[in-house]
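Okay, structure first, notes after.
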Amino acid sequence: MIDADDAVHWWGLVLAPALLAAYAYAAAAGSAARTARASGAPAAAALAAPAREAAGLLLRRRRTVPGADTLLWRVGIASVPVAAVMAVLVVPVGGRAIADLSIGVVWFNAMEVLLWGGMWLAGWGANSVWGLVGGYRYLIQGLSHELPHMFALTTAAVGAGSLRVGDIAAAQQDVWFVLVMPAAFVVYLVSALAMSFWPPFDQPVGRDLSGGAAAEPSGPDRLVLLAGRHAMLAAAAAMAVPLFLGGGAGPLLPGWAWSLLKAAAVLALLVWAGGRVPAVRMDRFAEVGWVVLLPLVLLQALAVSVFVVAGWM
Amino acid sequence: MLEAFLLLAAALLAVGLYGALSQQSVVMVMMGLELMLNAVMVAAAAVWFHTSPHSADGQLLVLAAMLAMAVEMAMGFAVTIAIFRARDVDVTDSAGDLRG
Amino acid sequence: MAEWTVFVVCAVAAVAAGAAVFRVDSMARATFALLASFVFTAVPVLLLDLAYLGVLIVLMMTMEMVVMAVFMIMFMMNPAGLMPMTMVHNTKGALAISIAVFCVLAAGALLVPWPRESAPPPADPTLQLGEAIMGDDMLVMMVAGLVLFATMVSGVVLATGRGRYDRYGDDLRGRPDDPIRGGVGR
Amino acid sequence: MDSFWPALALFAVASAGVLGLYGAAALLSVGEPLVREPYMGGSPVSEHAVSRFHVRWYAVTLLFIAFDMEMVFMYPWVLVVAEKGMHAVGEMFGFLAVLVAAVVYAWREGAFRWT
C-alpha cells in the first residue's frame with residue numbers, strides 16, 4: 001500500500017481538479033447563456049457571468065443567521081465540492097486516471113453519496129425553514145434515484161467483469177456500452193441530474209423555497225456550494241464516458257482528446273436537457289424511481305448478465 | 001499490528017456499549033448498537049488479514065455485521081414509528097410500561 | 001511508518017468521534033459524529049488491503065447515517081440541542097460496565113497468542129469475496145435475501161400508517177385518498 | 001493491491017481549494033458578517049427551524065436501507081459472474097426478484113406516497 005504504484009498518475013492531482021473546475025465553469029456559463037438567450041439578452045455576454053458572480057460572492061459582505069450551527073453548516077457546504085473532486089480520482093482521461101482503483105466504481109458511488117450528508121447539513125445548519133426543507137428534498141430525491149443509479153453502475157461493471165473503471169473503458173473496444181445497455185445509460189443520466197440537483201431535479205434549491213438549501217448561504221459559502229454543484233454535474237458527466245461511451249476510443253484524435261470531447265458533449269447534453277424538461281417534483285419522482293426506473297434497470301442488468309455469460313459481449 | 005486493531009475495536013465496542021446502556025431514547029440506543037457493530041467490523045477485518053487471509057470468512061463477517069446494522073436500523077425505526085404512533089413515546093423506559 | 005501514523009490518527013479520531021456521539025447536545029451533531037466515526041474506521045480497514053470493504057463502509061454508512069439523522073430529528077424532543085437536557089439513565093453503572101468490558105477485551109487482544117498466517121493476503125480480496133458469495137458460502141446471500149425481504153415487508157406493515165385498505169376503502173374499489181398523488185398508478 | 005495515498009492527496013488538494021476560497025473571501029470581503037434573521041418572505045420568524053421535522057416519506061427510508069444492502073453482494077458478484085456462468089446470474093436475480101416482490105408489495109400499500 002505504501003509503494004507508489006505504476007498506475008498512479010500524480011500529476012493528475014493538479015490537472016484533474018483544474019479540468020473539473022473548467023468543466024464546472026462551462027456548465028455554469030452554458031446555463032447562464034441559455035437563460036440569457038431565453039430572455040433576449042446576447043448569449044455571448046453570459047459566458048463571463050459566472051466569473052462575475054463568483055467575484056461578487058467573494059467580495060460581498062456575508063450574512064449569517066442567529067442560531068445557525070456554523071460548524072455543521074460549513075462542513076456540509078464544503079463537502080459538496082470536495083466530494084465532487086474526490087469522485088474524479090478514478091475517472092480516466094485517455095486511459096489514465098489519478099488512481100485507477102480496483103473498486104473504482106464503488107469509490108465513485110461512495111463519493112457521490114457523500115452529498116446526501118453535505119446537502120442535508122447545508123440545509124440544517126442555516127437554522128432556516130426553507131433551507132431545511134431543501135435539504136430534506138435532496139434526501140428523498142437521493143432515496144429515489146440512488147438504487148437505479150447503483151444498478152446502472154453495476155450494469156456497466158458486469159459488461160466488463162470488473163469494478164476498475166479503466167477495465168470498463170477497455171472492454172468497449174468493439175462496441176460502446178451505450179449501445180448494449182441504453183436503459184442503464186439513460187438512468188445514469190437521470191441520476192446524474194438528480195445527484196447534482198440540476199434542473200429538472202432542482203427542487204432542493206427550488207424557487208418555491210426561495211432557494212432552498214441555497215437560500216441562506218452567502219458570500220464564500222454560497223460560492224462553494226454552487227461551485228460544488230456544478231463540479232458534481234461535471235464529474236458525473238465525465239464518469240459517463242468510461243462507463244458507457246468507450247472512454248478515449250475514437251479515430252484520428254488522441255485518447256485524452258476524445259475523453260475530454262465526449263465529457264463535454266455529455267455535459268452539454270445534461271445542461272441542455274435541464275433547460276428543456278419540465279420540473280420533476282420529488283413526491284412524484286419517489287414512486288417513479290422505485291416502480292419504473294428500478295425494474296427497468298434491473299431488467300437491463302439481467303439482459304447484460306445473460307449476454308456476458310453467453311459470451312456475446 | 002493486529003493488537004492495535006483489536007484495541008481500536010475494543011475501544012469502539014466499549015463506547016458503543018456505554019451509549020446503548022445509558023441512553024433512554026430508542027434512536028440513541030441504536031446509535032450505541034451501531035458503534036458496537038462497527039467494532040465487530042474492524043475486528044473481523046483485522047483478524048482476517050492477520051490470521052486467515054486465505055479464506056473469505058473474515059470478509060463475510062464484515063458483510064454480516066453490515067447487514068445486521070441495516071436490518072437493526074430498519075426494524076428499529078419501524079418499531080419506533082409503530083410505538084410512537086400508538087403511544088407517542090420514543091423512550092425505552094416508557095415502552096416497557098405495559099399500561100396504555 | 002506513514003501507514004502507522006494514518007492508523008493512529010484515524011483510530012484516535014474514530015474513538016473520539018464515537019464518544020462525542022453521547023456527549024453532544026445536538027442530535028444532528030451526534031449523528032454526524034457517528035458518521036465521522038465510521039469514516040475514520042474505514043481507513044484502517046483500507047490499510048488492511050480491504051479496498052472494497054473500506055469504501056463500502058463509507059458508502060453504506062453515509063446513507064444509513066443520513067437516514068438516522070432524519071429519524072433523530074423526527075423523534076427527539078430537542079434535535080438541535082438548544083435547551084440543555086439529558087435523556088440518560090444509570091450513567092455510572094453503564095460507564096463501569098463499559099470500562100470493565102474494555103479492560104477484558106484489551107487484555108484479550110494483548111495477551112492471547114493470536115495465530116499468525118505467513119501466507120500473503122490474496123491479490124484481490126474483492127474477488128475472493130465474490131467467489132465465496134457465489135461458491136461455498138452461498139447460504140449467506142440466500143439468508144440475507146430472505147432477511148431483507150422480511151425486513152422490507154414488516155417495515156412497511158409497521159411503519160405505514162395508511163395501508164391499502166385505508167387508502168382505497170374496505171372494498172378496495174374507491175379512488176385512493178392520498179394527500180399527494182404519486183407518480184405511478186392512480 | 002490498491003494505493004489510497006492518491007486519494008488522501010486529492011483530499012488535501014480539494015480541501016486546500018475550498019480553504020483558499022474562504023481565505024480569499026476573508027481578505028477581500030467587506031465588513032463583518034451581518035447577523036440577520038433567516039429569510040421568510042417577509043414574515044416574522046417565530047421559532048427555530050431546527051426543531052422536530054416530520055418527513056412524510058419515512059417508509060421509503062426503511063425500504064431503501066434494506067434494499068441497498070443488496071449492493072453489498074452485487075459488487076463482488078460482478079467479478080465472478082462471467083466465470084460462474086448462468087447459475088450465478090440465476091442466484092443473483094432470484095435474490096433481486098425477492099426484493100422486488102417486497103417493493104411491489106410496498107407500492108401496493110402506498111408506501112411511496114407522502115402520508
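Only this structure's heavy atoms are used, side chains among them; waters, hydrogens and symmetry mates stay out.
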For A:Trp107 together with D:Tyr75, are the ring centres under 6.0 Å from each other?
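Not close enough - the centres of the two rings lie 6.0 Å or further apart.
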Working to the nearest 0.5 angstrom, can you tell me the gap between [X] [atom1] and [Y] [atom2]?
{"X": "A:Thr64", "Y": "D:Glu32", "atom1": "OG1", "atom2": "CD", "result": "12.0 Å"}
{"X": "D:Met71", "Y": "A:Leu147", "atom1": "CE", "atom2": "CG", "result": "8.0 Å"}
{"X": "D:Leu79", "Y": "A:Leu163", "atom1": "CG", "atom2": "CG", "result": "4.5 Å"}
{"X": "A:Leu223", "Y": "D:Leu21", "atom1": "CG", "atom2": "CG", "result": "5.0 Å"}
{"X": "A:Ile77", "Y": "D:Tyr22", "atom1": "CD1", "atom2": "OH", "result": "5.0 Å"}
{"X": "A:Asn127", "Y": "D:Glu37", "atom1": "CG", "atom2": "CD", "result": "9.5 Å"}

Checking [X] against chain A: side chain, backbone, both or neither under 4.5 Å from a heavy atom?
{"X": "D:Leu96", "result": "side chain"}
{"X": "D:Met86", "result": "both"}
{"X": "D:Leu27", "result": "neither"}
{"X": "D:Val13", "result": "side chain"}
{"X": "D:Val103", "result": "side chain"}
{"X": "D:Val89", "result": "side chain"}
{"X": "D:Glu70", "result": "side chain"}
{"X": "D:Phe93", "result": "side chain"}

Does any heavy atom of chain D fall under 4.5 Å from the side chain of [X], the backbone, both, or neither of them?
{"X": "A:Arg60", "value": "backbone"}
{"X": "A:Ala54", "value": "neither"}
{"X": "A:Ala215", "value": "neither"}
{"X": "A:Asp69", "value": "neither"}
{"X": "A:Pro66", "value": "both"}
{"X": "A:Trp124", "value": "both"}
{"X": "A:Leu294", "value": "side chain"}

Apply side chain to side chain contact (heavy atoms under 4.5 Å, CB included) to the pair A:Tyr136 and D:Phe53, showing each step before the final yes or no.
CA-CA 10 Å; A:Tyr136 280 107; D:Phe53 187 95; 3.3 Å; yes
Find the one option among A:Ile140, A:Val85, A:Leu59 whose heavy-atom pairs under 4.5 Å with chain D are most numerous.
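Counting heavy-atom pairs under 4.5 Å, the top option is A:Ile140.
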Given the options A:Val129, A:Leu143, A:Val308, which has more heavy-atom pairs under 4.5 Å with chain D than any of the others?
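Looking at each option in turn, the highest pair count goes to A:Leu143.
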Out of [options], return the one with the most heavy atom pairs under 4.5 angstrom to chain A.
{"options": "D:Val45, D:Val18, D:Val30, D:Leu10", "result": "D:Leu10"}
{"options": "D:Trp77, D:Phe64, D:Phe11, D:Tyr39", "result": "D:Phe64"}
{"options": "D:Leu34, D:Val100, D:Val80, D:Leu28", "result": "D:Leu34"}

Minimum-distance pair of heavy atoms, taken over all atoms of D:Trp114 and A:Ala286
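Scanning both residues, the minimum pair turns out to be CZ3-CB, 3.9 Å.
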Can you name the nearest heavy-atom pair linking A:Pro220 to D:Ala25, along with the distance?
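The answer is CG-CB, 3.4 Å.
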Do side-chain atoms of A:Glu216 reach the backbone of D:Pro38 as a donor and acceptor pair under 3.5 angstrom?
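Not a single qualifying donor-acceptor pair exists.
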Side-chain contact test, heavy atoms from C-beta onward, threshold under 4.5 Å: evaluate it for A:Leu58 versus D:Ser29 and give yes or no.
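No, side chains not in contact.
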Does the pair A:Val65 and D:Val35 meet the rule for a side chain to side chain contact (heavy atoms under 4.5 Å, CB included), with working shown?
CA-CA 5 Å; A:Val65 181; D:Val35 181; over 6 Å; no
May I ask you to check whether over 12 heavy atoms, not counting those of [X], lie within 6.0 Å of atom [atom1]?
{"X": "A:Arg61", "atom1": "CZ", "result": "yes"}
{"X": "A:Trp130", "atom1": "CH2", "result": "no"}
{"X": "A:Trp312", "atom1": "CH2", "result": "no"}
{"X": "A:Arg96", "atom1": "CZ", "result": "no"}

Angle between ring planes, D:Phe67 versus A:Phe151, binned at 30° and 60°: parallel, tilted or perpendicular?
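Ring orientation of D:Phe67 relative to A:Phe151: perpendicular.
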